[in-house]
Amino acid sequence: MRRGLERAELRGRITQLWRSEFALRTGQHWREENLDCVVGGTSVAFERHGKHLLWKLRHESEDVGVVIHLGMSGRLTVAQGADARAPHTHVIVQMSDGRELRFVDPRRFGGMKAARWEELRSTPPLVDLGVDALDPSFTGAYLYERAGASQRILRDVLLDQTIVAGIGNIYALEALFHARLHPLLRAARLRASAWERLVDAVSRVLQQGIRNGGTTFRDYRGAAGELGMNQRQLAVYGRAGLPCLVCGTSLEGFVSGGRSGAYCPHDQRRPRGRVA
DNA sequence: CAAGAATCCTGAATGC
DNA sequence: TGCATTCAGGATTCTT
């Protein structure tokens, strides 16, 4: 998403902001959305930390930013002002060149908020996030330090954005498969070498996802509206009951914490048989 | 503390 | 065909 927006080269000035009558994510961090403060600003760059997109703007010699989270069904697209608005369009940022950045989100689990750049980086939700999953400082040693004593299952450790930011259910399950680790294994039972393996697998599945333009089951689209292709490469997510692509064993499904998952009972064995 | 459930929403798919 | 139920790339908040 970030790369697609960067490619769109939104270098003009923000002339106006339009919002639908519906709120996006409500809750502590998004309460003071302050979106109107971007009007008059000029786009500088799009950055990212985990699943949070950061739009950096210059406004009267001051750095201002917008944090965007797509939630489950959020989409950002760059459109011409005259283009028809998709259903569930909730925010439109109009640019001086006639283009618009549009936030479309049927379920409204996504969020947007604006503030001065430094404030944005030093307050929730950004300040609560762990290291980015693709940052070189995300290492086996780091994960061991943060989760090595935890009784939580590995899948949930990977989903905890305060430990490592940027991994969702799909990529967590895929990474565990590639690291040959059981998703329901308690974190405290892992050895140092396995943590390294897991970090390596996370990096590989995320980079593959980016190369393939994202994973589109239903809602995800790139900045130009294009579909992702990564759903074709998934080894375990959504494949419970189907044969493992490596060994042919029927993949096992599970539900934990209200979220479903799958793994190969042959390739992702539990070290000592006991599990969650 | 941490694990689990309920919650915020809509739409697609499935079941009867 | 129509209506009800279930489930979904997420995160927060409350309860146990």
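Residue numbers begin at 1 in each chain, while the letters A, B, ... track the order of the sequences.
Taking atom P in both dC9(B) and dC3(C), one finds a spacing of 25 Å when rounded to whole Å. Atom P of dT14(B) sits at a distance of 16 Å from the matching atom of dG9(C), rounded to the whole Å. Using C1' as the reference atom, dG11(B) and dT12(C) are 23 Å apart when rounded to the nearest Å.
Ring geometry, Y142(A) versus F138(A): the interplanar angle exceeds 60°, so the pair is classed perpendicular (tilted spans 30 to 60°). Below 30°, between 30° and 60°, or above 60°: for H69(A) and H52(A) the angle between ring planes is above 60°, a perpendicular geometry.
The shortest distance between the side-chain N/O atoms of K51(A) and the OP1/OP2 oxygens of dG9(C) is not below 4.0 Å. The shortest distance between the side-chain N/O atoms of H88(A) and the OP1/OP2 oxygens of dC9(B) is not below 4.0 Å. For H69(A) and dA11(C), the shortest distance from a side-chain N or O to OP1 or OP2 is below 4.0 Å.
Syn is the glycosidic conformation of dG9(C), whose angle stays within 90° of 0.
D156(A) comes within contact range of no nucleotide atom at all, as no heavy-atom separation falls under 4.0 Å. Among the protein residues, S150(A) comes within range of no part of the nucleic acid, since none of its heavy atoms lies under 4.0 Å from any strand. Y171(A) comes within contact range of no nucleotide atom at all, as no heavy-atom separation falls under 4.0 Å. G168(A) comes within 4.0 angstrom of sugar-phosphate atoms only, judged by non-hydrogen atoms across all strands, and of no base.
Between Q151(A) and P106(A), the residue anchored closer to the 5' end of DNA chain B is Q151(A), taking for each the nucleotide with the nearest heavy atom. Two residues, R31(A) and D219(A), neighbour DNA chain C, and the one matched to the more 5' nucleotide by heavy-atom proximity is D219(A).
One interatomic measurement links the two molecules: CG of L173(A) to C1' of dA8(C), which rounds to 14 Å at whole-angstrom precision. Across the protein-nucleic acid pair, Q231(A) atom CD and dG9(C) atom P stand 14 Å apart, rounded to whole Å. For the pair D105(A) CG and dG9(C) P, the computed distance is 15 Å after rounding to whole Å. Per the geometry, CZ belonging to R259(A) stands 14 Å off C1' belonging to dT7(B), to the nearest Å. Distance CD1 (I167(A)) to C1' (dG9(C)): 14 Å, rounded to an integer number of Å. Look at CG on L159(A): it is 15 Å from C1' on dG4(B), rounded to the nearest Å. Atom P of nucleotide dG10(C) and atom CG of D160(A) are separated by 13 Å, given to the nearest angstrom. The nearest whole Å value for the distance from the OH atom in Y237(A) to the P atom in dC7(C) is 12 Å.
R152(A) and D160(A) are joined by a salt bridge, as a carboxylate oxygen and a charged side-chain nitrogen come within less than 4.0 angstrom of each other. With respect to the salt-bridge test (charged N to carboxylate O, under 4.0 angstrom), the residues R259(A) and D156(A) do not qualify. With salt bridges taken as basic N to acidic carboxylate O contacts below 4.0 Å, none links R11(A) and E9(A).
Side-chain N/O atoms of R107(A) and base N/O atoms of dC9(B) include a donor-acceptor pair closer than 3.5 Å. At a cut-off of 3.5 angstrom, counting only N and O atoms as typed in the model, there is no donor on one side facing an acceptor on the other between the side-chain of R152(A) and the base of dA3(B).
Residue R108(A) has its side chain nearest to dT10(B) when only dT10(B), dT12(C), dA8(C) are considered.
Judged by ring centres under 5.5 Å apart and planes tilted less than 30 degrees, F109(A) stacks against the six-membered base ring of dG10(C).
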*Would you write the dot-bracket representation of DNA chain C, where each base gets (, ), [, ], | or . depending on whether it forms a Watson-Crick or G-U pair under 3.5 Å and with which partner?*
.|||||||.|||||||
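Checking side-chain atoms of R186(A) against main-chain N and O of Q151(A) turns up a donor-acceptor pair under 3.5 Å. Looking only at distances, a side-chain donor or acceptor of R25(A) sits under 3.5 Å from a matching main-chain atom of F109(A).
For R3(A), the CZ atom counts as loosely surrounded, since its 6.0 Å shell holds 12 or fewer non-hydrogen atoms of other residues, nucleotides or ligands.
A donor and an acceptor atom, one from each side chain of E118(A) and S122(A), are nowhere located under 3.5 Å apart.
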